[in-house]
Amino acid sequence: MIPGTKAIAVLENEGSYEDLQTVFSAYINLGEPDSASAKLEQITNLDDAETDWMDISGILLSLTTNSKTWFEMDSTQEASVRDIAAEEGSSLAKIQAQNVLRMVYRDTFPDYVDEEEYYNRMQPEHSLHSLYINNELSELTVFPNPANDEVTIKLKNPSPEIYNIVVYDVTGRKQFETNCRINNTGKTFHVSNLVEGIYFIKLSDNKKKNLTTKLVISR
């Protein structure tokens, strides 16, 4: 079972409203619009379904179904996103709308909170990245972070053995994997193929040592 599928299975089992929202996003990121559509319909039938979240998720689903991205939304879709981003209070829909406007138009907001931080606040025990993150982050660092075209991975006490390095997106989908040695100055990789967003770098060795850290791609 691939990491993204495993994460979805865990969240489906929990079955809470917030978990199902995350599952919808996971299906979108996995490129499965039919599964995402079915999940959105399921959420629509819940008593606590939020109108704003349904609206922005519907826009995202429409774009994905037509092989488009947020950069290709039309004027009507943009207006809806701007209305949601301007809502009072804090909600996942508002944060998602602000993220979209920040990414596409470089808009800034005084009360900006990124989506990963929102999930950490609302459901830290079930957020997708918690399936990978651990308490040994100080041993593994990555710079620059945020990154653009290249990143360097550095270990506190590297050994001469070969390490397995895997990069996942926030849904748990594997984006890149390699096996290599890491010296005292670190190991540099090209990340120009990764779209803007949050990723997790997992490093492991043949002694079953596992380290994970966060990487942000920003251009």
Side-chain angles (χ1 to χ4, degrees), residues 1-8 22-33 35-36 56-57 59-61 63-73 81 95-108 112-120 127-134 136-137 139-155 162-182 185-204 210-219:
M1 181 179 290
I2 64 173
T5 305
K6 181 177 180 180
I8 288 173
T22 306
V23 171
F24 168 81
S25 298
Y27 279 132
I28 289 291
N29 284 292
L30 289 169
E32 299 181 16
S35 297
I56 195 167
S57 298
I59 294 171
L60 177 57
L61 179 60
L63 291 170
T64 302
T65 301
N66 290 287
S67 301
K68 294 182 178 180
T69 69
W70 286 114
F71 291 91
E72 300 168 279
M73 58 182 167
V81 172
I95 291 164
Q96 289 175 325
Q98 289 184 347
N99 283 342
V100 168
L101 297 176
R102 186 169 181 261
M103 174 180 66
V104 177
Y105 302 107
R106 302 299 186 195
D107 288 6
T108 59
Y112 176 77
V113 176
D114 70 32
E115 192 170 339
E116 186 207 0
E117 182 179 346
Y118 176 87
Y119 275 120
N120 289 345
S127 57
L128 282 171
H129 87 280
S130 68
L131 298 176
Y132 306 103
I133 211 78
N134 57 47
E136 302 178 280
L137 297 181
E139 295 187 38
L140 174 65
T141 56
V142 56
F143 59 91
N145 198 4
N148 185 336
D149 294 326
E150 289 185 340
V151 296
T152 298
I153 293 175
K154 191 170 184 180
L155 278 172
I162 294 178
Y163 293 93
N164 175 252
I165 297 172
V166 184
V167 177
Y168 298 101
D169 64 19
V170 292
T171 70
R173 187 179 185 185
K174 185 186 297 184
Q175 301 294 315
F176 171 78
E177 183 175 13
T178 188
N179 295 303
C180 64
R181 288 186 171 88
I182 300 177
T185 60
K187 179 71 175 179
T188 300
F189 298 94
H190 290 284
V191 292
S192 56
N193 61 316
L194 298 179
V195 299
E196 286 193 321
I198 297 168
Y199 297 86
F200 297 96
I201 300 176
K202 182 177 179 181
L203 179 146
S204 58
N210 293 292
L211 300 172
T212 310
T213 192
K214 182 172 76 171
L215 169 67
V216 177
I217 300 296
S218 178
R219 300 187 176 90

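Heavy-atom basis, side chains included; hydrogens, waters and symmetry copies ignored.
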[X] to [Y] - nearest heavy-atom pair and separation:
{"X": "K214", "Y": "N145", "result": "O-ND2, 2.9 Å"}
{"X": "A97", "Y": "V81", "result": "CB-O, 3.5 Å"}
{"X": "Q175", "Y": "L194", "result": "CB-CD2, 3.8 Å"}
{"X": "T65", "Y": "P33", "result": "OG1-CB, 3.8 Å"}
{"X": "Y163", "Y": "L203", "result": "CD2-CD2, 3.4 Å"}
{"X": "F71", "Y": "V104", "result": "CE2-CA, 3.8 Å"}

From [X] [atom1] over to [Y] [atom2], what is the distance, rounded to the nearest 0.5 angstrom?
{"X": "K202", "Y": "I165", "atom1": "NZ", "atom2": "CD1", "value": "13.0 Å"}
{"X": "L215", "Y": "I201", "atom1": "CG", "atom2": "CD1", "value": "4.5 Å"}
{"X": "T178", "Y": "K187", "atom1": "OG1", "atom2": "NZ", "value": "7.5 Å"}
{"X": "F189", "Y": "F176", "atom1": "CZ", "atom2": "CZ", "value": "5.5 Å"}
{"X": "T64", "Y": "I28", "atom1": "OG1", "atom2": "CD1", "value": "4.0 Å"}
{"X": "Y27", "Y": "L61", "atom1": "OH", "atom2": "CG", "value": "13.5 Å"}

Under the 3.5 angstrom rule, does the side chain of [X] hit a backbone N or O of [Y] as a donor-acceptor pair?
{"X": "D149", "Y": "H190", "value": "no"}
{"X": "N179", "Y": "I162", "value": "no"}
{"X": "E72", "Y": "T69", "value": "yes"}

* Would you please test M73 and V100 for side chain to side chain contact (heavy atoms under 4.5 Å, CB included) and show each step? => CA-CA 11 Å; M73 58 182 167; V100 168; 3.8 Å; yes

* Structure fact -> Which of V167, I182, T141 passes side chain to side chain contact (heavy atoms under 4.5 Å, CB included) with I153? It is I182

* Structure fact -> Sorted by chain and residue number, the side chain to side chain donor-acceptor pair (under 3.5 Å) partners of R102 (sequence neighbours excluded) come out as Y112

* Structure fact -> Sorted by chain and number, sequence neighbours left out, side chain to side chain donor-acceptor pair (under 3.5 Å) with T108 holds for none

* Less than 4.5 Å apart, any side-chain heavy atom of N148 and any of I217? -> no

* Among all residues two or more places apart in sequence or in another chain, which pass the salt bridge (Lys or Arg N to Asp or Glu O under 4.0 Å) test with E177? -> K174

